[in-house]
Amino acid sequence: MSLELSEQELFRRQSAEQMRALGINPYPAPLYEVNVQTTEILENYPKDNTLYQEVSIAGRIMSRRIMGAAAFAVIQDSVGKIQLYIKRDEICPEEDKTMYNTVFKKLLDIGDIIGVKGYVFVTQMGETSIHVKELTVLSKSLRPLPVVKEKDGVIYDAFTNPEARYRQRYLDLIVNPEIKDVFTKRTKIINTIRNFFDEKGYLEVETPVLQNIPGGAAARPFITHHNALDIPLYLRIANELFLKRLIVGGFDGVYEFSRNFRNEGMDRTHNPEFTAMEVYVAYKDYFWMMDFTEEMIERVAIAINGDTKVTLGDKEIDFKRPYKRVTMGEAILEHTGYDINIMSEEELFAACKKMNIEVDSTMGKGKLIDEIFGEKCEHHYVQPTFIYDYPKEMSPLTKEHRSNPELTERFELFINGKELANAYSELNDPIDQLDRFQQQLKLQERGDTEAMFIDYDFVRALEYGMPPTSGMGIGIDRLTMFMTNSPSIQDVLFFPQMKPEKND
RNA sequence: GACUAAGUAGCUCAGUCGGUAGAGCACAUCCCUUUUAAGGAUGGGGUCCUGGGUUCGAAUCCCAGCUUAGUCACCA
């Protein structure tokens, strides 16, 4: 950010001072009574021209066309834009024409926020406009706005610089207001899920963001320090273990929209902080959770787009349930011809080599299977598909499969070749859980920075007994990307993480 | 982390073979009472991302760096 003021910035500061000299506060304190919004007028006026004869409306000046003693301007409020017709002798009925000649014509600029009172009419060119009788300065803008013009849907001089748009989202929202739609849909997605759970009687809860032991996922945490206790604290990578403690405590169903933090790479689909939603329901298993998940997703699709079919790039995704259900073993058999159920670790290793999948000797059977799936299968699942029955060593919080001890009762939902949700029959055997944690500790000792820590209190909680429970987590940012056809996570976050701006 | 591309006025962008820095919008001054992306005339505005190098001379060529985007890798 430069401390030097541009010519235009200097002019605007001078204009603000000149307003003060004229007794006009460029930042007045009193509220401004607004009685209508732009789109409401445009929807109703031509149909009924007796309406809106005394409007009071406020917004930001987006363009001006001054022709001597009359002028047109366009103001933008939170929902849209409308044209103003401003005539000198209307806003200055007395001898003193300062308000028009000086304040409106010279001291106001594009970007300033004003309030106007007047009546609605249609110009000779057929555009519904407000005939202004009174104009009030509400806020002076000191920086020039990128000027975007639009005619018949064609945008001229669009404000497109992605760096500026993400760093200065407020500016993006002003000049590209259509992006508001993505963010209102994001909120609607969250509200739809919340309503769905509340109808089922599940309780929305809040659990710690600052944790002594970052658990519930395999990821590198952010670390911070608590001064009074003089201990390290971690920003949460997941809320899973806390929600399960609440199931132990006796709730039937709990859920939380959880801002999680992971100290890992950033790209088009990963932001260091992101929003997950996790839900845990007692006395259920992962098959029940599949039904529940598809019901929830279908409802979200309809709430957002009015239809189960959603366009995603050049594809159409149909969120209508039921979704296809394929075990990981079936998926690999279908796409590679290998039957992992009858293969030893050595055979899997050789198969990976044959398929040009990068492997190393540290990888166990589960990891090898996961690699094969990721390389050869994942991208095939464009329409919503549940992949289930994952290898045990990849899933340390998941209950062992009811009929195959090498597997766990886990599923993930894939859409457009990407993981959207992850769920399981929760592991509630405390002995097994401790054993799995200890396996993770061994991985950690071998240098795996993402292996889980042992959470002895969580094990203690399980020792008191947790009912059979199924849990599910879903990435809200990714869901929003799917539902709004956004190719990048930065498009669904108001303020995506950016490298610090150089400030010299 | 690797590779590729981009970075020039407030915004969107040109800039030829290395030879005085350009346009449109925005801004300023003047004219204009129903205009339509931009009415007319005139004018002001630049750390050409940063730092080196080559050269009589660099926005332009070379090297390094910064930022952003894309692809890949890694990772839930």
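Chain letters run A, B, ... following the sequence lines, proteins first and then strands; every chain starts at 1.
- A close approach under 4.0 Å does occur between a side-chain nitrogen or oxygen of A:Lys106 and OP1 or OP2 of B:C30.
- Put simply, NZ on A:Lys499 is 7 Å from P on B:G1, counting in whole angstrom units.
- Here A:Ala71 lies out of heavy-atom contact (under 4.0 Å) with every strand.
- Taking atom C1' in both B:G18 and B:C32, one finds a spacing of 47 Å when rounded to whole Å.
- Residue-to-nucleotide contacts include no donor-acceptor pair under 3.5 Å from the side chain of A:Glu163 to the base of B:U67.
- Closest contact between the side chain of A:Phe11 and the listed nucleotides B:U68, B:U12, B:A28 involves B:A28.
- Figure legend. B:G18 is base-paired to no nucleotide; pairs are counted as Watson-Crick or G-U wobble with both atom distances under 3.5 Å.
- Across B:U68 and B:G15, the matching C1' atoms stand 23 Å from one another, rounded to whole Å.
- As a whole-Å value, the separation of A:Gln497 CD from B:A69 P is 12 Å.
- Looking at which nucleotide of RNA chain B each of A:Pro146 and A:Phe121 is closest to, the 5′-most match is held by A:Pro146.
- Between A:Lys87 and B:U33, a side-chain N or O to OP1/OP2 separation shorter than 4.0 Å is absent.
- A salt bridge links A:Glu426 to A:Lys244: at least one charged side-chain nitrogen sits closer than 4.0 Å to a carboxylate oxygen.
- B:C56 and B:C11: their C1' atoms are spaced 38 Å apart (whole Å).
- Of the candidate nucleotides B:C30, B:U12, B:C27, B:C27 has the atom lying nearest to any side-chain atom of A:Asp109.
- The distance from atom CE of A:Met62 to atom C1' of B:G10 is 14 Å, rounded to the nearest whole Å.
- Residues A:Lys117 and A:Glu54 are not paired through a salt bridge, judged by the lack of any N-O separation under 4.0 Å between the basic side chain and the carboxylate.
- With C1' as the reference atom, B:G70 and B:A64 are 23 Å apart, rounded to whole Å.
- Atom CG of A:Leu5 and atom P of B:A9 are 17 Å apart (whole Å).
- Using a 4.0 Å heavy-atom cutoff across all strands shown, A:Ile237 reaches no nucleic acid atom at all.
- Here the side chain of A:Thr123 is nearest to one of B:U29, B:C11, B:U36, namely B:U36.
- The interatomic distance linking A:Asp112 (CG) with B:C27 (P) rounds to 10 Å, in whole Å.
- Defined by atom type and a distance below 3.5 Å, a donor-acceptor pair is present between the side-chain atoms of A:Arg236 and A:Ser258.
- Taking the side chain of A:Arg65 as heavy atoms from C-beta on, and the options B:A38, B:A26, B:U68, the nearest nucleotide is B:A38.
- If you check B:C13, B:U34, B:C27 against the side chain of A:Thr160, the one that comes closest is B:C13.
- Checking B:U71, B:U33, B:C27 against every side-chain atom of A:Arg268, the shortest atom distance belongs to B:U71.
- At a threshold of 4.0 angstrom between heavy atoms, the contacts of A:Asn161 are confined to the sugar-phosphate backbone, with no base atom among them.
- Distance, A:Met266 CE to B:G70 C1': 15 Å, rounded to whole Å.
- Nucleotides B:A5 and B:G10 place their C1' atoms 25 Å apart, quoted to the nearest Å.
- Of the P atoms belonging to B:A23 and B:U55, the separation is 34 Å, rounded to the nearest Å.
- Distance A:Gln18 CD to B:A28 C1': 12 Å, rounded to the nearest Å.
- Closest contact between the side chain of A:Glu127 and the listed nucleotides B:U35, B:G10, B:C13 involves B:U35.
- Spacing of P atoms, B:A14 relative to B:C49, comes out at 14 Å, to the nearest Å.
- Across all strands, A:Glu7 comes closer than 4.0 Å to base atoms (heavy-atom distances).
- Using Watson-Crick or G-U wobble geometry with both donor-acceptor distances under 3.5 Å, B:A23 finds its partner in B:U12.
- The pair A:Glu412-A:Arg410 meets the salt-bridge criterion, since a charged nitrogen lies less than 4.0 angstrom from a carboxylate oxygen.
- Proximity note for A:Lys367 (side chain, C-beta onward) versus B:A69, B:C75, B:U35: the nearest is B:C75.
- Across all strands, A:Tyr85 comes closer than 4.0 Å to base atoms (heavy-atom distances).
- Using a cutoff of 4.0 Å between basic side-chain nitrogens and carboxylate oxygens, A:Lys365 and A:Asp370 are not scored as salt-bridged.
- Between B:U68, B:C25, B:C27, one nucleotide has an atom nearer to the side chain of A:Val147 than all others, and that is B:C25.
- A donor-acceptor contact under 3.5 angstrom links the side chains of A:Asp389 and A:Tyr286, judged on distance only.
- One C1' atom belongs to B:G46, the other to B:A69, and the distance between them is 25 Å to the nearest Å.
- Side-chain contact, A:Gln37 with A:Asp77: no donor N or O sits under 3.5 Å from an acceptor N or O.
- The existence of a salt bridge linking A:Arg259 and A:Glu273 is confirmed by a sub-4.0 Å separation between a basic side-chain nitrogen and an acidic carboxylate oxygen.
- Under the Watson-Crick or G-U wobble criterion, with both distances below 3.5 Å, B:A5 is paired with B:U68.
- Using the Watson-Crick or G-U wobble rule with both distances under 3.5 Å, B:G46 pairs with nothing in any strand shown.
- Heavy-atom distances to RNA chain B give each of A:Glu371 and A:Arg12 a nearest nucleotide, and the one nearer the 5′ end belongs to A:Arg12.
- For the OP1/OP2 pair of B:A69 and a distance below 4.0 Å, the side-chain nitrogens and oxygens of A:Gln490 include at least one atom meeting the criterion.
- Base-pair partner of B:U60: not found among the strands shown (Watson-Crick or G-U wobble, both distances under 3.5 Å).
- The interatomic distance linking A:Phe261 (CZ) with B:C75 (C1') rounds to 18 Å, in whole Å.
- Salt bridge A:Glu17/A:Arg20: present, at least one basic N to carboxylate O contact under 4.0 Å.
- Among the nucleotides B:C27, B:U34, B:C32, the one closest to any side-chain atom of A:Phe72 is B:U34.
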